[in-house]
Structure formats: C-alpha cells, structure tokens
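Let me begin by presenting the structure, written as structure tokens, before commenting on it.
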Amino acid sequence: MNDFNLLLAVFLLVNLIIALLRVARGPTDADRLLAALLFGTTGVAILLLLAFTADTLVLMDVALVFALLAAITGAVFAQRAWRMEGVEEGKDGNS
Amino acid sequence: MAIPELLSSIFLVMGAAFFMAGTIGLLRFPDVYTRLHALAKVDNLGLGLIILGLLFQAPGLTVALKIILIWLLALAASSAVSFLIARRALNRGVAPWKAKEQKI
C-alpha cells in the first residue's frame, strides 16, 4: 500500500508543477495568487499521502499547518500586495 | 488485496483524477474567475476523496478525525481565499471573460 501512496504523491507533484507553471505565466496578479490555493489543496494532499507511508504520521501535522499557512498567505496577498490593474500597466514592473 | 486496501485505492485514484481535472481546468479556462472555479471546487473534492481513501489506512480514530479536520480547514480556507481573490480582482478592474458571439 505504501508504494501506491508514493506513486500517487508523485502524480500529484507533477500535477502541482504543471499548474504552477500555468499560474506563473498567468497574465494578471490574480492568477499568481492562485498558487496559494494550489498549495492549500494539492500540497496538503501530497503531505497526507506521504504521512501514510512508512511510519511518518507526524507529516499529518505538517499538512495541517500547511493548509493554515496557505490560507493566511492567500488572504494577506489578496488584501495587501496588489497594484492597480487599470492605472499603471506594470510600467515599473513590480507586482 | 484486502477489502479496505481495495476501497482505499479506489478512492485515492478518484481523488487523483479530480486533481488532474482541476489542473486541466486551470490550464484551459480563459480568465481568472473561471480558473478560481476549477481550482477551489475541484481540488477540494479531490482532497476530500483522497482523505476518504486514507481513512481506510488510518491506524487509529484520532488520526482519522484529525484528517477530516484538515479537510474541513482546507475547505474553509480555499473558499475564503478564492472569494477574496475574486472580489479584489473585480475591484482591480480584471474584466470577466465574455464569450464571443458565434455567427451561426
């Protein structure tokens, strides 16, 4: 059962990487914020799968903290770090 | 292949399928609002199915309850964050995607 978990964890990791490539290329800042959502679900799933291989149950708590941090990061970024889309079209290039 | 292991692998595969659907949705959708749909809903369902699959492998009751708690937290977190992102994107002038009128 362990190797099946690991196989799925690798599959999810590939999934995550493809999605992150897309998010990194996303035109607007809102797309880049999707990374926080991605880690909130896919990252937690990978950690949980790894937690149930061998005897590394401590990874479950890591997944719990990870879900929380992803939420907080997403919320803070959505509220704080954002420049006006319409006003300056990224002339100075900072996001 | 004992019954719980069989059930567990079935649910895990379904969860992974939903994750793949979420990623494909993320790649294919035209603008950020539709991508939020793909991400927030589908990935959470995938996480729920994976957790359901892992319940069969859980050594004890406390472990099972903790995993369900993680899923509930992930649900609340991603719904809140996706709402914030969508509202902020709308305020910041990110125009929702409009389908072109197909000439039939």
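Reminder, nothing fancy here: chain letters follow the sequence lines and each chain counts from 1.
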Do B:L12 and A:L49 make a side-chain contact, defined as non-hydrogen atoms from C-beta onward lying under 4.5 Å apart? yes
So which atom in A:M60 and which in B:I70 form the shortest heavy-atom distance, rounded to 0.1 Å? O-CD1, 3.5 Å
By a 4.5 Å heavy-atom criterion (distance strictly below it), what part of A:L37 contacts chain B: side chain, backbone, both, or neither? side chain
Within one Ile-Leu-Val-Met-Phe-Trp-Tyr cluster: A:L47 and B:L72, side-chain cutoff 4.5 Å: yes
Give, for atom NZ of B:K66 and atom CG of A:L48, the distance between the pair rounded to the nearest 0.5 Å. 11.0 Å
Are any non-hydrogen side-chain atoms of B:R87 and A:Q79 less than 4.5 angstrom apart? yes
Given that the side chain runs from C-beta out, which part of B:A80 has a heavy atom under 4.5 Å from chain A: side chain, backbone, both or neither? neither
Which atoms of A:L64 come close to chain B, meaning under 4.5 Å heavy atom to heavy atom: side chain ones, backbone ones, both, or neither? both
What closest approach, in Å, do A:A71 and B:V81 show between heavy atoms, and which atom pair accounts for it? O-CG2, 3.4 Å
How close do B:Q57 and A:F52 get, heavy atom to heavy atom, and via which atoms? OE1-CB, 3.7 Å
Nearest-0.5 Å distance that lies between atom CD1 in B:I85 and atom CZ in A:F77: 11.0 Å
Per-residue contact mode, A:I72 against chain B (heavy atom under 4.5 angstrom): neither
Count the heavy atoms of every other residue, nucleotide or ligand shown that sit under 6.0 Å from CZ of B:F56, and state whether that count exceeds 12. yes
Transitively linked via ILVMFWY side-chain contacts under 4.5 Å: A:V14 with A:F39? no
Please report the interatomic distance CD1(A:I46) to CD1(B:I50), rounded to the nearest 0.5 Å. 9.0 Å
Give me the atom names and distance for the closest heavy-atom approach of A:N15 to B:F19. ND2-C, 3.7 Å
Examine whether an atom of B:A58 lies under 4.5 Å from a heavy atom of chain A, and if so say whether it belongs to the side chain, the backbone or both; otherwise answer neither. both
Side chain from CB out, backbone as N, CA, C, O: work out which of these in A:L12 comes under 4.5 Å of a heavy atom of chain B, or both, or neither. side chain
B:L52, B:I3: one ILVMFWY side-chain cluster at the under-4.5 Å cut-off? yes
Measure the spacing between OG1 of A:T41 and CG of B:L47 and express it to the nearest 0.5 Å. 7.0 Å
Going hydrophobic residue to hydrophobic residue with side-chain gaps under 4.5 angstrom, can you get from A:L20 over to A:I18? no
Give, as side chain, backbone, both or neither, the part of B:L26 having an atom under 4.5 angstrom from any heavy atom of chain A. both
Quick one: which of A:V23, A:L16, A:N5 has the most heavy-atom pairs under 4.5 Å with chain B, could you say? A:N5
If you tally heavy-atom pairs under 4.5 Å against chain A, which of B:N44, B:I51, B:D43, B:V13 wins? B:D43
Are the side chains of A:L34 and B:S82 in touch, meaning some heavy atoms are under 4.5 Å apart? no
Please check if B:L75 and B:I67 belong to a single hydrophobic cluster, counting links between Ile, Leu, Val, Met, Phe, Trp and Tyr side chain heavy atoms closer than 4.5 Å. yes
Counting only heavy atoms closer than 4.5 Å, note whether B:L39 contacts chain A via side chain, backbone, both or neither. side chain
Specify the closest pair of heavy atoms between A:F11 and B:M20, including all atoms of both residues, with the distance to one decimal. CZ-SD, 3.7 Å
Region of B:L27 in contact with chain A, defined by heavy-atom distances below 4.5 Å: both
